[in-house]
S.K.: 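Below are the structure tokens for one structure; questions will follow.
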Amino acid sequence: MSSEDNLLSLLIDSDQLEANLGKTNLLVIDVSCSRESYDNGHIPGAIFLDYRRLFNGHSPVPNKLPTQEQLSLLFSELGLNRDTHVVAYDDEGGGWAGRLLWTLDVIGHARYSYLNGGILAWRADGKAQDQEESLPQASHYQAEYINLHERIELDELKSKIGTEDFAVWDSRSRGEYEGTSSKAERAGHIPTAIHYEWTEAMDKENGLRIRDMAEIITELQTKGLNIDQEIATYCQSHHRSGFTWLLGKILGFKQVRAYDGSWNEWGNRSDTPIET
């Protein structure tokens, strides 16, 4: 899209995306939970991306940031160029879409948007869908870690717990946070972590679109997550926290960083502090 075009913002609705479909350098990526969702009906021209391509590592932590080489291969296959504007969406309210956009941010590709509510909102608005697969035109994209401040790793996170102007956002379920439910060797949460489940920000009666922004900010501030803090967000595998990272960006938080190791890493080690 040229500078004369109405450039897409970080958060867009179905009308905005519909108006831009077919434009040069627009790449719409469907990161739905299953290929079935894509095959049943996707946004015209959208490319399907298996979310597992956004993961790297081995059990019990298979969910780390891929290498620069892996990301170069992935985004070359998807046809990404430096001037490509990516619109990401999924079928669950933004988790996998957020993980994709976080990955783009880490490699310094800032031209991106999230379709509010994803395919559920698109369908609810009665927009056209395709069932035929759209194939990308391969490119030669060289990915480099440019914005690693968007990521926080275990040692740095441990060192910052309890420090001034730093907060931890746990986006998992209440049971996981309290330790009554666990998907790792150890149960509980990172000390000082504030619980705000990712789905709390979604309007379940409105296609999983993000709820009223002012209300969400008030809820987060009441819990102790403030707009001027440095915030580390996590879940089990940096999937649900893909959305909370994105939500922080949309709300204008000063700095929201993703702990991509998440509970798969923290909860499967013996040297990490845990609260229940």
Side-chain angles (χ1 to χ4, degrees), residues 54-65 92-96 98-99 102 106 148-202 210-211 215-276:
L54 302 172
F55 280 3
N56 179 46
H58 304 283
S59 182
V61 194
N63 47 275
K64 289 291 196 75
L65 177 70
E92 49 148 28
W96 291 124
R99 172 80 190 217
W102 170 77
V106 168
L148 281 175
H149 59 273
E150 296 293 338
R151 181 192 197 197
I152 189 166
E153 296 190 79
L154 187 143
D155 289 341
E156 183 183 1
L157 179 50
K158 283 176 68 175
S159 72
K160 287 190 169 182
I161 291 173
T163 60
E164 189 176 1
D165 296 325
F166 180 79
V168 183
W169 179 349
D170 188 321
S171 61
R172 300 175 300 162
S173 69
R174 172 62 64 178
E176 289 171 278
Y177 177 79
E178 294 179 344
T180 59
S181 172
S182 181
K183 300 176 182 178
E185 288 294 321
R186 302 165 69 204
H189 59 265
I190 295 172
T192 75
I194 294 166
H195 181 251
Y196 188 91
E197 187 174 353
W198 68 312
T199 58
E200 290 186 55
M202 301 175 195
I210 296 171
R211 292 173 39 234
E215 290 183 3
I216 295 172
I217 289 176
T218 298
E219 292 167 1
L220 292 172
Q221 289 178 334
T222 299
K223 288 176 174 284
L225 293 169
N226 298 308
I227 201 165
D228 57 351
Q229 293 173 312
E230 176 186 356
I231 296 172
T233 188
Y234 76 98
C235 59
Q236 184 71 29
S237 61
H238 187 34
H239 157 221
R240 290 170 283 183
S241 59
F243 174 72
T244 50
W245 171 85
L246 177 61
L247 180 62
K249 285 273 194 182
I250 292 168
L251 295 176
F253 276 57
K254 177 182 177 182
Q255 186 173 30
V256 180
R257 305 173 67 187
Y259 172 36
D260 54 310
S262 279
W263 200 254
N264 276 336
E265 181 175 49
W266 196 277
N268 282 300
R269 292 177 60 125
S270 59
D271 61 346
T272 47
I274 288 176
E275 289 181 347
T276 56

S.K.: Looking only at non-hydrogen atoms, find the nearest pair between Pro273 and Pro191 and report the distance.
M.R.: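 Scanning both residues completely, I find the closest heavy atoms to be O-CD, 3.2 Å.
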S.K.: Mind running side chain to side chain contact (heavy atoms under 4.5 Å, CB included) on Ile250 and Ile210 for me, showing each step along the way?
M.R.: CA-CA 10 Å; Ile250 292 168; Ile210 296 171; 3.8 Å; yes
S.K.: Taking only residues two or more places apart in sequence or in another chain, which ones pass side-chain contact (heavy atoms from CB on, under 4.5 Å) with Ala232?
M.R.: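 With neighbours one apart ignored, the set is Ile152, Leu157, Phe166.
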S.K.: Would you please test Ile274 and Trp266 for side chain to side chain contact (heavy atoms under 4.5 Å, CB included) and show each step?
M.R.: CA-CA 9 Å; Ile274 288 176; Trp266 196 277; 3.9 Å; yes
S.K.: CG of Leu54 to OG of Ser237: how many Å apart, nearest 0.5 Å?
M.R.: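 Result: 11.0 Å between the selected atoms.
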S.K.: Salt bridge or not for Glu215 and Arg211, using N-O below 4.0 Å?
M.R.: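 Yes, this pair counts.
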S.K.: Determine, stepwise, if the pair Arg240 / Ser262 fulfils side chain to side chain donor-acceptor pair (under 3.5 Å).
M.R.: CA-CA 10 Å; Arg240 290 170 283 183; Ser262 279; over 6 Å; no
S.K.: Considering only heavy atoms from C-beta outward, does the side chain of Phe243 approach that of Glu92 to under 4.5 Å?
M.R.: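 The answer is no, as the side chains (C-beta and beyond) never meet within the 4.5 Å cut-off.
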S.K.: If the test is ring-ring contact (aromatic ring centres under 6.0 Å, His included), which one of Trp198, Trp102, Phe55 qualifies with His239?
M.R.: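 When ring-ring contact (aromatic ring centres under 6.0 Å, His included) is applied between His239 and each of Trp198, Trp102, Phe55, only Trp198 qualifies.
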S.K.: List for me each residue that meets salt bridge (charged side-chain N to carboxylate O under 4.0 Å, His left out) alongside Arg174, sequence neighbours excluded, and say none if there are none.
M.R.: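 For Arg174 the salt bridge (charged side-chain N to carboxylate O under 4.0 Å, His left out) partners, ignoring immediate neighbours, are Glu178.
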S.K.: Would you call the rings of Tyr234 and Trp263 parallel, tilted or perpendicular if under 30° counts as parallel and over 60° as perpendicular?
M.R.: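 It falls in the parallel class, under 30°.
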S.K.: Can you name the nearest heavy-atom pair linking Ser171 to Cys235, along with the distance?
M.R.: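 Shortest heavy-atom contact: OG-CB, 3.5 Å.
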S.K.: Determine whether Glu176 and Ser173 satisfy the following criterion, side chain to side chain donor-acceptor pair (under 3.5 Å), listing intermediate values before the conclusion.
M.R.: CA-CA 5 Å; Glu176 289 171 278; Ser173 69; 2.9 Å; yes
S.K.: Return the NE2 to NZ distance between His195 and Lys223, rounded to the nearest 0.5 Å.
M.R.: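 Answer rounded to 0.5 Å: 7.0 Å.
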S.K.: Is the closest side-chain heavy-atom distance between Ile231 and Leu225 below 4.5 Å?
M.R.: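 Result yes, sub-4.5 Å side-chain heavy-atom pair found.
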S.K.: Between Ile227 and Leu251, is there a side-chain heavy-atom distance shorter than 4.5 Å?
M.R.: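 The answer is no, as the side chains (C-beta and beyond) never meet within the 4.5 Å cut-off.
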S.K.: Establish, from distance only, whether the side-chain atoms of Thr272 and Arg186 form a donor-acceptor pair under 3.5 Å.
M.R.: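 There is such a pair (donor and acceptor under 3.5 Å, judged by atom type) between the side chains of Thr272 and Arg186.
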S.K.: Would you say that Tyr196 contacts Thr244 through its side chain, given a criterion of any heavy-atom pair below 4.5 Å between the two side chains?
M.R.: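 When only atoms from C-beta onward are counted, Thr244 and Tyr196 do not touch, as no gap falls below 4.5 Å.
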S.K.: Under 3.5 Å, is there a donor-acceptor pair between the side chain of Asn63 and the main chain of Gly261?
M.R.: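 At least one qualifying donor-acceptor pair exists.
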S.K.: Using a strict threshold of under 4.0 Å (side-chain N to carboxylate O), is an ion pair present between Glu156 and Arg257?
M.R.: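 Here Arg257 pairs with Glu156 in a salt bridge, since their nearest N and O are under 4.0 Å apart.
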S.K.: How about Leu148 and Val106: do any of their side-chain heavy atoms sit closer than 4.5 Å?
M.R.: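 Yes, at least one pair of side-chain atoms sits under 4.5 Å.
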S.K.: Step by step, work out the side chain to side chain contact (heavy atoms under 4.5 Å, CB included) result for Arg99 and Trp245.
M.R.: CA-CA 8 Å; Arg99 172 80 190 217; Trp245 171 85; over 6 Å; no
S.K.: Should Asn264 and Pro60 count as side-chain neighbours, where that means a heavy-atom distance under 4.5 Å?
M.R.: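 Of all side-chain heavy-atom pairs linking Pro60 with Asn264, none is under 4.5 Å.
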S.K.: For the atom pair OG (Ser182) and CG (Asn268), what is the distance rounded to the nearest 0.5 Å?
M.R.: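 Between atom OG of Ser182 and atom CG of Asn268 there are 8.0 Å.
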S.K.: If you round to the nearest 0.5 Å, how far is CD of Glu197 from CZ of Arg172?
M.R.: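 These two atoms lie 10.5 Å from each other.
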S.K.: Hey, is Glu230 close enough to Lys160 for a salt bridge, meaning N to O under 4.0 Å?
M.R.: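 Yes.
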S.K.: Could you grab the distance from atom CG of Leu220 to atom CD1 of Ile194, nearest 0.5 Å is fine?
M.R.: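 So the CG of Leu220 and the CD1 of Ile194 are separated by 9.0 Å.
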S.K.: Could I get the full list of salt bridge (charged side-chain N to carboxylate O under 4.0 Å, His left out) partners for Glu275, not counting sequence neighbours?
M.R.: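 Residues passing salt bridge (charged side-chain N to carboxylate O under 4.0 Å, His left out) with Glu275: none at all.
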S.K.: Is any side-chain heavy atom of Ile190 closer than 4.5 Å to one of Ile161?
M.R.: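 Sidechains of Ile190 and Ile161: in contact.
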S.K.: Output yes when Glu153 and Lys158 qualify as a salt bridge under the 4.0 Å nitrogen-oxygen rule, no when they do not.
M.R.: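 A salt bridge is absent here (no side-chain N lies under 4.0 Å from a carboxylate O).
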S.K.: May I ask you to say whether Glu265 pairs ionically with Lys64, meaning some side-chain N is under 4.0 Å from a carboxylate O?
M.R.: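 Looking at Lys64 together with Glu265, the answer is yes, because their closest N to O distance falls below 4.0 Å.
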S.K.: Can you check whether His238's main-chain N or O pairs, donor with acceptor, with Asp260's side chain at less than 3.5 Å?
M.R.: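 Judged by distance alone, no pair lies under 3.5 Å.
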